[in-house]
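Below: one structure, written as structure tokens.
Below, all heavy atoms of this structure are taken into account, side chains as well, without hydrogens, waters or symmetry copies. When a residue number appears, it is its place in the shown sequence, counting from 1.
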Amino acid sequence: MTPEMTFECLLVSKDPEIFGTLHRILRDLSIRTRICLTAANASELLMEGRTDLLVIDWGGESCGELLLSADGICAEGRKPIVVAVAADERAIPSSAAILRKPLTQDAGTRCLHSAYSKMVRDLRRQIRVPVMTSSVATDLRQRPLPVKILNLGDGGVGLICSQDLAAGDILSFSVSLPGLRKEVSVEARVLWTQPNATAGCEFVRISHSDLEVMLDWLRSRCQIKKPLIDLDP
């Protein structure tokens, strides 16, 4: 069975009311929470690269510095989603949402439910599941190109090709997904290449039925710990 992934939140506040209100909501969403009393001390925890959601009780220059650290963090290709809790109407750069003080249960619930939905979408769009299977692709000139599929996500694929590829090349090929009899046929555009013959591609064409098969397979290998409550659709 594929182990469940648990999202992690770094909550930066020394206000017991903010902690109490948000911690209950985060617990209901099955999000693991780490508490840090000051933004200055939170940077070290943030650098570990395990934070999916960063909630900052806004105040002082150290909060701005923490946001800069968050902008530079990339855990498995993902930056943490930032929610700021602020007393005034100022715009806070890089924050996905701003919760106004005094914080209410309803406002916190709406905001964190929205942040949770975005984390799920971002994870499923960005995660790459190892595949390690061989195939034969064809380019627009119908040349056969032996490839090895390294990983797969719902937006693209990583592969190794024995022939030189260039950004913009269009490849058509089928992918045999481990555990399934059905192959998925895709058309993909090369986005980047590296000297070791690896390339990253984005999907440009895939049938609806093959897309559903692929997405179901990806979800089966990317299990997220379910919230303790039913979320609104």
_Gap between atom CG of Leu103 and atom CZ of Phe19 - 0.5 Å precision_ = 13.5 Å
*Where the side chain of Thr21 meets the backbone of Glu17, is there a donor-acceptor pair that is under 3.5 Å apart?*
yes
_Arg128 side chain near Leu150 side chain, heavy-atom distance below 4.5 Å_ = no
*Looking only at heavy atoms, which two atoms of Ser30 and Lys226 are closest? And how far apart?*
OG-O, 2.6 Å
*If you take all heavy atoms of Pro144 and Thr138, which pair is closest and at what distance?*
CA-CG2, 4.4 Å
*Heavy atoms only: give me the nearest Pro130-Trp217 pair and the separation to one decimal.*
O-CH2, 4.2 Å
_Heavy atoms from other residues, nucleotides or ligands near CG of Asn196 exceed 12 (cutoff 6.0 Å)_ = yes
*Flag the pair Phe203 / Leu211 as yes when at least one side-chain heavy-atom distance between them is below 4.5 Å, and no otherwise.*
no
_Step-by-step side-chain contact (heavy atoms from CB on, under 4.5 Å) determination, Leu112 to Leu26_ = CA-CA 7 Å; Leu112 293 185; Leu26 291 165; 3.9 Å; yes
*Is Arg50 close to Arg34 at the side-chain level, that is, under 4.5 Å between some pair of heavy atoms?*
yes
*Shared ILVMFWY cluster between Ile98 and Leu54, side chains joined below 4.5 angstrom?*
yes
*asked:* Against Thr133, only a single residue in Val147, Leu159, Ile149 fulfils side-chain contact (heavy atoms from CB on, under 4.5 Å); can you say which?
replied: Ile149
*Does a side-chain heavy-atom distance below 4.5 Å link Val190 with Cys201?*
yes
*Spacing of Arg32 atom CZ and Thr51 atom OG1 [to the nearest 0.5 Å]*: 11.5 Å
*asked:* For Asp15 and Ser13, which I'm curious about, is there any donor-acceptor pair between the side chains at under 3.5 Å?
replied: no
*asked:* For a side-chain contact (heavy atoms from CB on, under 4.5 Å) check, start with the C-alpha distance between Ile25 and Gln105, then their side-chain angles and the critical distance, and finish with the verdict.
replied: CA-CA 8 Å; Ile25 303 168; Gln105 181 80 19; 3.7 Å; yes
*asked:* Side-chain heavy atoms nearer than 4.5 Å, only ILVMFWY residues, links allowed to pass through others: does that put Leu215 and Val120 together?
replied: no
_Please report the interatomic distance CD(Glu212) to CG(Asp216), rounded to the nearest 0.5 Å._
6.0 Å
*I would like to know whether Asp52 and Glu8 meet side-chain contact (heavy atoms from CB on, under 4.5 Å); could you show each step before the answer?*
CA-CA 5 Å; Asp52 301 290; Glu8 292 204 3; 4.1 Å; yes
*What are the two closest non-hydrogen atoms of Leu152 and Met214, and how far apart are they?*
CD2-CG, 3.8 Å
_I'd like to know whether Glu187 forms a side-chain contact (heavy atoms from CB on, under 4.5 Å) with Ile170, so could you lay out the CA-CA distance, the side-chain angles of the two residues, the decisive distance to 0.1 Å, and finally the verdict._
CA-CA 7 Å; Glu187 188 174 286; Ile170 301 294; 3.5 Å; yes
*Considering only heavy atoms from C-beta outward, does the side chain of Met119 approach that of Ile31 to under 4.5 Å?*
yes
*Atom CZ of Arg141 and atom CG of Asp169: how far apart are they, to the nearest 0.5 Å?*
8.0 Å
*Does any non-hydrogen side-chain atom of Val131 lie less than 4.5 Å from one of Pro178?*
yes
*In Å, rounded to the nearest 0.5 Å, how long is the span from NE2 of His208 to CG of Asp210?*
10.5 Å
*Any chain of hydrophobic side-chain contacts (each under 4.5 Å) joining Phe173 to Leu180?*
yes
*Heavy-atom distance under 4.5 Å between the side chains of Ile224 and Tyr116, does that happen here?*
yes
*Would you say Ser135's side chain and Ser174's backbone share a donor-acceptor pair under 3.5 angstrom?*
yes
*Least distance between heavy atoms, Ala107 atom then Leu99 atom*: O-CD2, 3.5 Å
*asked:* Other residues, nucleotides and ligands only: do more than 12 of their heavy atoms fall within 6.0 Å of NZ on Lys182?
replied: yes
*Distance-only, no hydrogens or angles: does the Asp57 side chain make a donor-acceptor pair with backbone N or O of Val12 under 3.5 Å?*
no
*Do you reckon Leu191 sits in the same ILVMFWY cluster as Val204, going by side-chain contacts under 4.5 Å, direct or chained?*
no
*State, to 0.1 Å, how close Gly153 and Leu218 come at their nearest heavy-atom pair, and which atoms those are.*
C-CD1, 3.6 Å
*With a cut-off of 6.0 Å (strictly less than), are more than 12 heavy atoms of other residues, nucleotides or ligands near CZ of Arg205?*
no
*Are Leu123 and Leu53 in one and the same hydrophobic cluster, where Ile, Leu, Val, Met, Phe, Trp and Tyr link if side-chain heavy atoms are under 4.5 Å apart?*
yes
*asked:* What I'd like to find out is whether the side chain of Thr193 reaches to under 4.5 Å of the side chain of Leu165, using heavy atoms alone.
replied: yes
*Could you tell me the separation between the CD atom of Gln142 and the OG atom of Ser172, rounded to the nearest 0.5 Å?*
7.5 Å
